[in-house]
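This one's a predicted model, so the numbers in the text were calculated from it and none came from an experiment.
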Amino acid sequence: MGPSSTPDLAPGISPLSLSTVAVVGLGTMGTGIAEVLARAGREVIGIDTDEAAARHAVAALEAATARAVRRERITERERQDVLARFRTFTDLQAAADADLVIEVVPEDYELKRQVFAELDAVVRPDAVLATGTNALSVTRLAADSQRPERVLGLHFFNPAPAMKLVEVVSSVLTAPTAVAAVTELARDLGKDPIAVGDRPGFVADGLLFGYLNQAAAMYESRYATREDIDAAMRLGCGLPMGPLALLDLIGVDTARTVLEAMYAESQDRLHAPAPILGQLAEAGLTGRKAGRGFYTYEAPGSATVVPDAESPAAGGEAAAGRTVTRVGVAGSGTMASGIAEVFAKAGYQVVLAARSAEKAEKAKARIAKSLGRSVDKGRLTAEARDAALAAITPAGTLDAFADVDLAVEAVAEDLAVKQELFRTLDKVCKPGAVLATTTSSLPVVACARATSRPQDVIGMHFFNPAPAMKLVEVVRTVLTSDDVHATVREVCTKVRKHPVDCGDRAGFIVNALLFPYLNNAIKMVQEHYASLDDIDAAMKLGGGYPMGPFELLDVVGLDVSLAIEKVLHAEFRDPGLAPAPLLEHLVAAGCLGRKTGRGFREYARR
């Protein structure tokens with residue numbers, strides 16, 4: 001259910017009645033919530049037992065409103081009115097006249113229970129009590145209070161003034177009138193509220209923290225460096241931050257607490273905190289706030305990363321790469337055309353080989369259209385377009401690869417098809433040529449073993465659309481030679497792509513982290529916990545994702561998504577990675593996403 005299904009306001013509770021709001025706990029989140037409320041015209045009572053925290057909250061509001069005046073978003077008179085509406089106290093007795101109390105003290109159940117017990121003795125009988133928890137049980141807090149019907153969760157996202165999402169969490173004990181009033185208040189604050197039930201992590205964090213946990217485990221296993229994991233998810237998925245940098249921002253200890261709560265309920269191994277989270281937390285390396293977590297920072301609280309023992313050494317590759325001037329691209333689909341375009345624009349001579357000369361010509365025509373669009377948008381000159389097209393030679397047979405220095409296959413994601421192609425490349429390509437596969441889910445070594453020169457075979461996983469996406473996952477097998485690895489990294493740099501190194505296992509970096517997250521989103525819908533629209537909104541508004549999980553699934557294709565999830569499940573044998581039955585049912589019904597006009601949503605036929 002979402003905001004559209006929120007009950008109508010009942011007599012006696014309206015958004016206007018929530019005119020005085022107490023915020024208990026003036027850390028970063030509490031201070032941000034207080035600012036949002038005060039700027040929206042509410043009387044705000046800030047309460048923190050630490051006088052320094054209260055002073056800091058006032059100073060933060062003064063600074064934020066001063067910036068707003070400088071940017072001409074508010075007048076100086078309006079600023080003074082906002083400041084006058086915010087008063088701070090060190091005693092919970094100050095909440096006596098509040099219509100709504102929002103608790104945002106640290107994520108410790110006993111501390112929160114104590115705060116609620118003291119509030120019970122102070123606030124009016126009709127006051128609403130909200131907890132800002134993202135991991136602890138709202139139901140348990142409600143049950144332990146004197147009036148459980150007025151207790152709910154109100155989960156803002158950090159930074160509260162900027163983030164639009166608010167999760168309104170009701171327990172089985174919560175009165176619908178309280179939910180309705182708080183939901184309307186959130187809207188009045190300019191937020192986008194979604195209504196969710198009580199379970200650890202709710203929607204946004206429930207999906208986000210599982211993904212962060214898997215990224216931490218990936219780093220801990222030394223499968224990829226922290227820099228490559230973060231770059232892969234930023235460039236491959238368009239995320240604002242990589243997962244390890246985000247863990248440092250959130251706080252490693254906080255993430256561990258949330259995951260412990262999630263695992264206690266789900267018993268899903270994907271939620272069991274990666275041991276490194278405990279090790280870092282126990283050592284006090286909790287992220288930015290401590291000056292060190294997965295990364296090292298200039299000072300506690302600083303966002304500036306400084307080099308440490310794990311930082312990549314300057315000086316580039318240890319091994320020298322092979323010379324590449326001619327590139328062969330095998331395939332005639334969108335990915336093959338995109339890769340050929342990338343190489344041609346970078347000045348390489350490209351042979352584009354398909355199963356027939358006609359298919360190869362069609363692929364080149366597709367490239368011509370793409371280059372034409374770039375010219376129309378001012379991204380490319382007509383001369384550069386003509387030069388790139390002239391560099392591409394279409395061919396109807398792989399025999400045309402006889403003189404290429406690098407052969408890249410982008411054919412169907414079918415191991416037998418790829419192995420047959422590599423057997424052909426082994427016969428056709430000259431000694432010393434690098435042979436690369438763009439597979440996203442199949443073992444690269446299985447392609448390598450189809451040749452007599454497995455040391456020359458490597459994975460180059462481009463992302464679609466190849467001309468626009470900056471990431472390439474460079475996948476070494478145990479047999480790949482150092483100079484082949486160096487060659488591909490050099491080529492990636494020359495075609496203005498960002499290479500990240502990873503080993504030859506299912507999903508590499510991006511898909512291994514992305515698809516379990518997508519699968520968990522499907523499980524939420526399958527369990528009737530939240531709607532497609534609310535989940536998509538939560539991840540875009542609360543996580544900064546460019547697309548919600550169901551938008552992305554429909555674009556990728558449900559059949560493609562299912563195939564990748566099956567490969568991940570088969571490789572890692574984790575029950576939590578088993579594809580959600582709902583996904584399997586949709587694929588069996590032929591609902592494959594946008595390409596068929598129906599997936600999780602329906603689309604207009606073109």
Side-chain angles (χ1 to χ4, degrees), residues 9-27 29-58 60-61 81-106 108-133 138 141-156 160 168-171 173-175 177-186 188-189:
L9 297 183
I13 296 188
S14 71
L16 293 177
S17 72
L18 302 183
S19 57
T20 301
V21 183
V23 179
V24 180
L26 295 175
M29 182 60 81
T31 299
I33 293 170
E35 178 186 336
V36 171
L37 289 161
R39 291 181 69 165
R42 296 305 191 277
E43 293 293 325
V44 183
I45 300 163
I47 302 173
D48 199 300
T49 54
D50 183 350
E51 289 186 17
R55 286 195 301 271
H56 183 270
V58 171
L61 183 59
D81 288 345
V82 169
L83 295 176
R85 285 194 290 270
F86 182 46
R87 295 167 292 150
T88 61
F89 302 86
T90 56
D91 191 333
L92 280 176
Q93 190 66 42
D97 294 326
D99 305 306
L100 167 68
V101 182
I102 305 173
E103 165 278 307
V104 275
V105 301
D108 177 273
Y109 181 78
E110 191 50 41
L111 175 60
K112 289 182 185 288
R113 189 200 63 76
Q114 182 181 337
V115 167
F116 270 74
E118 291 182 34
L119 287 170
D120 274 335
V122 169
V123 301
R124 301 195 316 265
D126 61 337
V128 177
L129 303 183
T131 172
T133 186
V138 176
L141 280 170
D144 284 346
S145 75
Q146 288 181 9
R147 294 186 182 86
E149 72 281 355
R150 67 179 178 180
V151 176
L152 46 71
L154 194 58
H155 181 213
F156 287 79
V168 180
V169 189
S170 54
S171 76
L173 305 170
T174 312
T177 48
V179 176
V182 169
T183 300
E184 287 304 312
L185 171 67
D188 199 48
L189 299 177

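- Remark: T131 pairs with E103, K112, F116, T133, V138, L141 by the side-chain contact (heavy atoms from CB on, under 4.5 Å) rule, at least two apart or across chains.
- For residues 30-41, every residue pair satisfying the salt bridge (charged side-chain N to carboxylate O under 4.0 Å, His left out) rule, not counting sequence neighbours, is listed here: E35-R39.
- Considering all non-hydrogen atoms of both residues, S170 and V179 come closest at CB-CG2, 3.7 Å.
- Qualifying side-chain hydrogen bond (donor to acceptor under 3.5 Å, both in side chains) partners for Q114, counting only residues two or more places apart in sequence or in other chains: E118.
- Counting all heavy atoms, side chain and backbone alike, A94 lies closest to I47 at CB-CD1, 4.1 Å.
- Of all non-hydrogen atoms in G30 and V104, the two that sit nearest each other are CA-CG2, 3.5 Å.
- For the 3.5 Å distance criterion, the side chains of S19 and D99 qualify, holding a donor opposite an acceptor.
- Contact check on D120 versus R150 returns a salt bridge, with a Lys/Arg side-chain nitrogen under 4.0 Å from an Asp/Glu carboxylate oxygen.
- Here the closest non-hydrogen pair linking V115 and L92 is O-CD1, 4.1 Å.
- Within the 3.5 Å criterion, the main-chain N or O of I45 finds no donor-acceptor partner in the side chain of R87.
- Across all their heavy atoms, T31 and A57 have their closest contact at OG1-CB, 3.5 Å.
- Among the candidates T88, V82, V44, the single residue satisfying the side chain to side chain contact (heavy atoms under 4.5 Å, CB included) test with L61 is V82.
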